[in-house]
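Just so you know, residue 1 is the first one in the sequence shown, and it goes up from there. Nothing here was measured: the structure is a model prediction, and the numbers come from that model.
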Amino acid sequence: MAKKTIQYPPIEQYSDIVAEPQYDLFYNNGNNERDEEGTLRVLSLFSGCGGMDLGLEGGFICHRHSVTNDDWIERQLNDNWTLLKRNRFRTIFACDILEEARNSWLDYMSRFRVNPDIYHLESIVDLVKMQEKGLDVFPHHVDVVTGGFPCQDFSVAGKRKGFDSGVSHKGEKRDDNLPSEETRGKLYVWMKQVIDIVQPKMFIAENVKGLVSLGDVKEIIQKDFSSAHGNDYIVLDPQVLHAGNYGVPETRERVIFIGIKRSALKADALHALEQNKVPSEYNPYPKPTHDFNVHDQSLSRPVTCKDVLGDLPEPEDSHDLSQKTYSKAKYMGNGTQGQTEINYWGLGPTIRSEHHGNIEYRRLSLLKFRI
């Protein structure tokens with residue numbers, strides 16, 4: 001039986017969102033901050049290439065099966081792909097120590113006319129120190145702070161050194177003279193200091209699932225975040241969320257910390273969020289939309305690799321250099337790194353932050369002949 005062809009939308013079908021007036025940016029007195037009426041201002045830390053920022057901003061393409069609410073759709077591009085509406089969030093500050101991350105972030109976000117000056121390559125430690133010396137580093141009137149603080153020292157795939165990381169805040173091998181608070185494993189403390197400085201209405205911090213099983217690390221981080229700005233933040237019990245339960249074809253689990261500023265809450269919301277069990281109408285954690293492992297048949301089916309990669313050509317047939325060049329590491333077949341075949345009819349693997357090349361590929365030639 002012939003393989004059903006999935007239609008991928010050409011970029012011309014959605015590049016016009018850049019030119020639409022409602023996405024124009026207005027600069028405040030030349031300070032390069034995005035200032036649109038009715039929007040919420042986001043300060044992004046450990047921004048990488050913008051995964052969290054894009055999720056908040058919206059206006060991106062995803063598979064039709066990933067969307068469970070038609071109100072989120074700007075327009076349908078074809079039978080398989082849809083353009084989502086823009087959200088109210090606007091990133092006004094981003095940072096990372098990797099220039100490659102900045103380049104990727106700007107390449108995508110430029111369609112929203114983002115000024116490149118809002119992305120900073122200094123480490124969060126250096127940025128906070130600059131602020132403490134009197135420089136006006138961080139923007140004012142921040143609504144939300146986000147940050148996926150470095151996870152390598154908490155991951156089960158790493159050495160699990162936790163707070164005692166052997167890597168500096170700049171990603172280099174730790175110098176014995178480096179203060180312990182400036183290691184990669186303690187950078188969440190500097191995120192907390194940014195929260196002290198800008199005092200957002202709420203913050204969202206993200207890390208690997210392995211953090212919750214590393215002694216009392218989770219409780220320490222939750223307590224430290226709670227102390228921000230004179231204990232003015234309610235930090236809800238962190239939850240582990242699985243991407244597969246939200247329409248993403250990846251076996252990715254992450255622990256999410258959400259903190260909300262007490263002084264910004266109405267009395268009834270403050271009372272509800274201080275309960276041991278937060279009422280569902282006040283709980284900010286998203287409910288699953290897809291049934292990967294929640295065992296709820298009322299939810300949508302999981303989105304699979306076949307849904308999103310079904311028409312991707314084999315490397316030798318592709319004109320995309322990122323698909324033609326991939327790791328030729330020997331397939332080991334024992335779960336270690338090596339050329340492995342993803343589950344075409346299931347979810348793809350989580351790609352490690354220190355992955356050395358494009359090791360897991362969509363499919364191998366043996367699978368190609370079975371489709």
Side-chain angles (χ1 to χ4, degrees), residues 28 31-36 39-58 87-97 101-102 105 109 114 117-132 135-151 169 181 184 186-207 211 218 221-239 241 254-265 269 273 284-286:
N28 236 349
N31 67 3
N32 296 331
E33 294 182 9
R34 305 166 72 191
D35 187 19
E36 300 168 76
T39 58
L40 298 170
R41 294 157 59 84
V42 179
L43 188 154
S44 170
L45 303 171
F46 316 106
S47 309
C49 57
M52 291 184 72
D53 305 332
L54 180 61
L56 286 171
E57 296 232 5
N87 296 322
R88 291 177 59 198
F89 300 100
R90 296 292 181 269
T91 309
I92 59 171
F93 182 100
C95 66
D96 201 282
I97 60 174
R102 177 182 183 272
W105 192 95
M109 297 294 283
V114 173
D117 291 345
I118 72 172
Y119 200 108
H120 303 260
L121 281 175
E122 294 88 353
S123 79
I124 188 173
V125 174
D126 291 337
L127 290 169
V128 170
K129 287 182 176 180
M130 290 161 60
Q131 180 82 26
E132 291 175 342
L135 297 177
D136 203 16
V137 175
F138 300 109
H140 303 280
H141 311 297
V142 173
D143 293 298
V144 183
V145 167
T146 65
F149 55 97
C151 64
H169 62 95
E181 293 297 312
R184 184 176 62 184
K186 294 295 276 298
L187 291 186
Y188 81 91
V189 174
W190 296 84
M191 179 176 178
K192 180 261 180 186
Q193 291 193 50
V194 175
I195 295 167
D196 284 331
I197 294 167
V198 302
Q199 301 172 36
K201 295 182 178 68
M202 69 178 297
F203 66 85
I204 305 169
E206 171 263 349
N207 210 276
L211 180 148
K218 175 177 71 70
I221 293 176
Q222 185 176 2
K223 183 178 179 180
D224 286 344
F225 275 138
S226 297
S227 69
H229 194 234
N231 298 305
D232 193 24
Y233 285 85
I234 297 173
V235 180
L236 303 173
D237 287 337
Q239 291 189 14
L241 305 181
R254 290 295 182 267
V255 59
I256 308 294
F257 296 82
I258 295 179
I260 304 174
K261 192 176 184 182
R262 296 175 187 273
S263 56
L265 291 170
L273 291 170
Y285 285 99

Ile118 vs Ile92, side-chain contact (heavy atoms from CB on, under 4.5 Å): CA-CA, chis, key distance, verdict: CA-CA 6 Å; Ile118 72 172; Ile92 59 171; 5.7 Å; no
Centroid-centroid distance, Phe203 to Phe225, less than 6.0 Å: yes
Closest contact, heavy atoms only, Asp96 versus Gly48: OD2-N, 3.0 Å
Minimum side-chain heavy-atom gap Pro286-Leu241 below 4.5 Å: yes
Separation between CZ of Phe257 and CD1 of Ile204, rounded to the nearest 0.5 Å: 13.0 Å
Side-chain (Tyr285) to main-chain (Ile256) donor-acceptor, under 3.5 angstrom: yes
From CE (Met52) to CG (Leu45), nearest 0.5 Å: 9.5 Å
Asn207 side-chain N/O to Phe149 backbone N/O, donor-acceptor pair under 3.5 Å: yes
Rounded distance (nearest 0.5 Å) linking atom CG of Asn231 with atom NE2 of His229: 11.0 Å
Closest contact, heavy atoms only, Met191 versus Ala205: CE-CB, 3.8 Å
Backbone of His141 reached by a side-chain donor or acceptor of Arg41 within 3.5 Å: yes
Min side-chain heavy-atom separation Val144-Pro200 under 4.5 Å: no
Separation of Asp53 CG from Leu43 CG (nearest 0.5 Å): 10.0 Å
Backbone of Leu56 reached by a side-chain donor or acceptor of Asn87 within 3.5 Å: yes
Heavy-atom side-chain contact between Asp143 and Phe89 under 4.5 Å: no
Pairwise distance CG(Asp126) to CH2(Trp190) - rounded to 0.5 angstrom: 8.5 Å
Donor-acceptor contact present, side-chain Ser47 to main-chain Cys95, <3.5 Å: yes
Residue pair Met109, Tyr119: steps toward the side-chain contact (heavy atoms from CB on, under 4.5 Å) verdict: CA-CA 11 Å; Met109 297 294 283; Tyr119 200 108; over 6 Å; no
is_close_aromatic(Phe93, Phe138), centroid dist under 6.0 Å: yes
Minimum heavy-atom distance between Val198 and Pro139, given as atom pair plus value: CG1-O, 3.9 Å
Taking every non-hydrogen atom, the tightest pair across Lys192 and Ser227: CE-OG, 3.4 Å
Smallest separation among heavy atoms of Gly259 and Tyr233, with atom names: C-CD2, 4.3 Å
Rounded distance [0.5 Å steps], CD1 in Ile97 versus CG in Leu121: 9.5 Å
Derivation of the side-chain contact (heavy atoms from CB on, under 4.5 Å) call for Ile258 and Met202: CA-CA 7 Å; Ile258 295 179; Met202 69 178 297; 3.7 Å; yes
Contact check, side chains of Asp136 and Gln131, non-hydrogen atoms, under 4.5 Å: yes
side-chain contact (heavy atoms from CB on, under 4.5 Å) evaluation trace for Leu265 with Ile234: CA-CA 10 Å; Leu265 291 170; Ile234 297 173; 4.2 Å; yes
Closest heavy-atom pair and its distance - Asp117, His120: O-NE2, 3.7 Å
N/O donor-acceptor pair under 3.5 Å between Gln222 side chain and Val235 backbone: yes
